[in-house]
Each structure stands twice: as structure tokens, then as C-alpha cells.
Colleague: 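One structure is given below, represented as C-alpha cells, and several questions about it will come after.
Since the structure is predicted, the reported quantities are computational estimates derived from the model, not experimental observations.
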Amino acid sequence: MLLSYLDSQNDIDILFLDIKFQTYSGIEIAEKIRAINPSVILIFLTAFPEYALSGYKVKAFDYLVKPLSYTQLENVLDRAISELTSNKNNFLVVKDSGNIFKIKFSEIVYIETYNRNILFHLTSRSEITGHESLKTYETKLDKRFYRCHTGYIVNMAYVTSIQKDCAVLNLNITIPVSRYKKKKFQMLFTDFLCNSIF
């Protein structure tokens, strides 16, 4: 079932595998996974430490021996997320209340500071809350994003116009624009449109 899903969807970034199954070994399954997705992060979770060296054949990210603590699990997930973020530059990984979200840049319409948290407004009209600073997220974004106001970052792909003191986005969303940032915003937006066309 897992292999069929990967073959059809291939949208898994981090995968935990046991080393022993009834029919196949975890290493055999990992080899099949690698053939479908060479970049997925594989983490083995098992009660058999003697098999740890086998994980190198399939480029396992880590090998956790049962029983493991919450701290061990949290540490390996933090490292795996950092690895994902450093290897790819077209999405953000956002942690919220124990949940982990992968948000593609193309899905982000705008980002705002709200009640000391960060709200990601997505093309699906859903929202995801982040708990790092707006500045931290800003450094992880690419050139399609601009911080047009102290509390807002917009995706220029969804900007329809820049007016006197605001930017109008798709669906008639209005975002404030700082007067100190307006000139640069207009210049970057023009460059973005020209690059998008040509």
C-alpha cells in the first residue's frame, strides 16, 4: 500500500520505517522507495540495533532504537526538517502545536503578524499559524515575496495593483503598504511582472 501510494502521489518528505516486516525487510522496502523517490528522508525505527549498518545502503537519515523518548523523536524531526529546508527552496516547513506543515511558496498569498503569531494565508483560503518571527520566515522566502509593511509579507504573484497606501491582491484582499517601502515595492513588482512575462 505504501509503495503504491508513493508511486501515484510521491508527496512524502519524511518517512519512518521499521526494520522488520512479516514479508519484507525494512531495507528491501527502503530500496524500492529509493527507486521511486531518491530524496525522501528515511528514518528507521526498530528494536534491532544490529541492523543499523544496513541503513547506510539506502542512505538512511537516522536509526532510532526502541524504546525512544519524545526528546529523541523531536530532535530527529528537527534535524530532518532542517535538512529539507536547506535542500529545497520552494517551500516552508512550519510547526504549530505539535503539527508540521509543508507549505509551497506558490500556495502562500500573504503572511501577517496576528496576536503575536504569524498567519499564513493560502490559496485554498485556509490559514496556518507559525510561531517564529516574521523576520525569520522572511529570510527563508524567495524573491517573489516582499515585506511591504512591518506586519505583512505579500506574494507578488497575487498582487493585482499597488495603490496609495495599500496593495490589492486576488479576491480583493487589501494589504497595507508602508510609505517608506512603497517605492521599492513598486520597482520590485514591476521587475517581477517583466520577468514573469518574458
Colleague: So, Thr174 side chain and Val168 main chain: donor-acceptor pair closer than 3.5 Å or not?
Modeller: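 A pair under 3.5 Å: no.
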Colleague: Taking Tyr180 as the starting point, is it possible to reach Val177 by hopping between hydrophobic residues whose side chains are less than 4.5 Å apart?
Modeller: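 Not linked; separate clusters.
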Colleague: Going hydrophobic residue to hydrophobic residue with side-chain gaps under 4.5 angstrom, can you get from Tyr70 over to Tyr63?
Modeller: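 Result: no, two separate clusters.
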Colleague: Are any non-hydrogen side-chain atoms of Ile162 and Phe189 less than 4.5 angstrom apart?
Modeller: yes
Colleague: For Gln186, does its backbone N or O pair with a side-chain atom of Thr190 as donor and acceptor, under 3.5 Å?
Modeller: yes
Colleague: Is the shortest side-chain heavy-atom distance between Ile108 and Leu92 below 4.5 Å?
Modeller: yes
Colleague: Can you find a pair of side-chain heavy atoms, one from Leu15 and one from Val40, that are under 4.5 Å apart?
Modeller: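 Side chain of Leu15 against side chain of Val40, heavy atoms only: contact under 4.5 Å found.
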Colleague: Say you draw a straight line from CG of Leu119 to CG of Leu122; how long is it, rounded to the nearest 0.5 Å?
Modeller: 10.0 Å
Colleague: After noting the C-alpha distance and the side-chain angles of Lys95 and Asp78, does the key distance pass the salt bridge (charged side-chain N to carboxylate O under 4.0 Å, His left out) rule?
Modeller: CA-CA 10 Å; Lys95 295 169 69 176; Asp78 282 344; 2.6 Å; yes
Colleague: How far does CD1 of Ile29 sit from NZ of Lys32, to the nearest 0.5 angstrom?
Modeller: 8.5 Å
Colleague: Counting distance only, does the side-chain N/O of Arg179 pair as donor-acceptor with the main-chain N or O of Lys182 below 3.5 Å?
Modeller: no
Colleague: When clusters are formed by joining ILVMFWY residues with side-chain heavy atoms under 4.5 Å apart, either directly or through shared neighbours, do Tyr114 and Ile103 land in the same one?
Modeller: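 Tyr114 and Ile103: separate clusters.
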Colleague: Can you measure from OG (Ser69) to CG (Leu64) and round to the nearest 0.5 angstrom?
Modeller: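 Atom-to-atom, Ser69:OG and Leu64:CG are 9.5 Å apart.
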Colleague: Side-chain contact test, heavy atoms from C-beta onward, threshold under 4.5 Å: evaluate it for Arg147 versus Leu134 and give yes or no.
Modeller: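 They are in side-chain contact.
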Colleague: Specify the closest pair of heavy atoms between Leu17 and Leu42, including all atoms of both residues, with the distance to one decimal.
Modeller: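 Shortest heavy-atom separation between Leu17 and Leu42 comes out as CD1-CD2, 4.2 Å.
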Colleague: Would you say Ile175 and Leu169 make side-chain contact, with heavy atoms under 4.5 Å?
Modeller: yes
Colleague: Any idea which heavy atoms bring Ile14 and Ala80 closest together, and the distance?
Modeller: CD1-CB, 3.8 Å
Colleague: I'd like to know whether Lys140 forms a side chain to side chain contact (heavy atoms under 4.5 Å, CB included) with Glu132, so could you lay out the CA-CA distance, the side-chain angles of the two residues, the decisive distance to 0.1 Å, and finally the verdict.
Modeller: CA-CA 12 Å; Lys140 297 177 182 179; Glu132 295 185 78; 3.4 Å; yes
Colleague: Please check this pair: side chain of Ser161 against backbone of Gln163, looking for a donor-acceptor N/O pair closer than 3.5 Å.
Modeller: no
Colleague: Do Tyr137 and Phe120 have ring centroids that are under 6.0 Å from one another?
Modeller: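 Centroid separation for Phe120 and Tyr137: below 6.0 Å.
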Colleague: Ignoring hydrogens, what is the shortest heavy-atom contact between Val154 and Cys148? Give both atom names and the distance.
Modeller: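 Minimum heavy-atom separation between Val154 and Cys148: CG1-SG, 3.9 Å.
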Colleague: Hey, could you give me the OG/CD distance between Ser126 and Glu107, rounded to the nearest 0.5 Å?
Modeller: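 With rounding to 0.5 Å, OG (Ser126) is 8.0 Å from CD (Glu107).
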Colleague: Are Phe16 and Ile41 close enough, and set up right, to give a side chain to side chain contact (heavy atoms under 4.5 Å, CB included), and what steps lead you there?
Modeller: CA-CA 8 Å; Phe16 286 85; Ile41 292 178; over 6 Å; no
Colleague: Minimum heavy-atom separation for Arg144 and Phe192, please, with both atom names.
Modeller: CB-CE1, 3.7 Å
Colleague: Can you measure from CZ (Phe61) to CG (Leu77) and round to the nearest 0.5 angstrom?
Modeller: 9.5 Å
Colleague: Within the structure provided, determine whether Val76 and Ile43 are in side-chain contact (heavy-atom separation under 4.5 Å).
Modeller: yes
Colleague: Within the structure provided, determine whether Phe44 and Asp18 are in side-chain contact (heavy-atom separation under 4.5 Å).
Modeller: no
Colleague: List the atom of His131, the atom of Thr129, and the distance in Å for their closest heavy-atom pair.
Modeller: CE1-CG2, 3.9 Å
Colleague: Between Ile111 and Ile118, is there a side-chain heavy-atom distance shorter than 4.5 Å?
Modeller: yes
Colleague: For the aromatic rings, using the six-membered ring if either is Trp, is the centroid distance between Phe105 and Phe145 under 6.0 Å?
Modeller: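 Yes, close enough.
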Colleague: Can you tell me how the ring of Tyr152 sits relative to the ring of His149, calling it parallel under 30°, perpendicular over 60° and tilted otherwise?
Modeller: perpendicular
Colleague: Hey, is Lys102 close enough to Asp13 for a salt bridge, meaning N to O under 4.0 Å?
Modeller: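 Salt bridge present between Lys102 and Asp13.
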Colleague: Can you confirm whether Lys143 is buried at NZ, in the sense that more than 12 heavy atoms of other residues, nucleotides or ligands lie under 6.0 Å from that atom?
Modeller: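 Not more than 12 within 6.0 Å, no.
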Colleague: Donor-acceptor pair, distance only, cut-off 3.5 Å: does the side chain of Tyr158 make one with the backbone of Ser106?
Modeller: yes
Colleague: More than 12 foreign heavy atoms under 6.0 Å from CG of Asn99: is that the case here?
Modeller: yes
Colleague: For a quick test of reading the model, state the closest non-hydrogen atom pair linking Phe91 to Lys104 and the distance between them.
Modeller: CB-CA, 3.8 Å
Colleague: Look at the side chain of Asn155 and the backbone N and O of Ala157, then say whether any donor-acceptor pair between them is shorter than 3.5 Å.
Modeller: yes
Colleague: So how far is it from Arg125 CZ to Ile173 CD1, rounded to the nearest 0.5 Å?
Modeller: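 Nearest 0.5 Å value for the CZ-CD1 distance: 8.0 Å.
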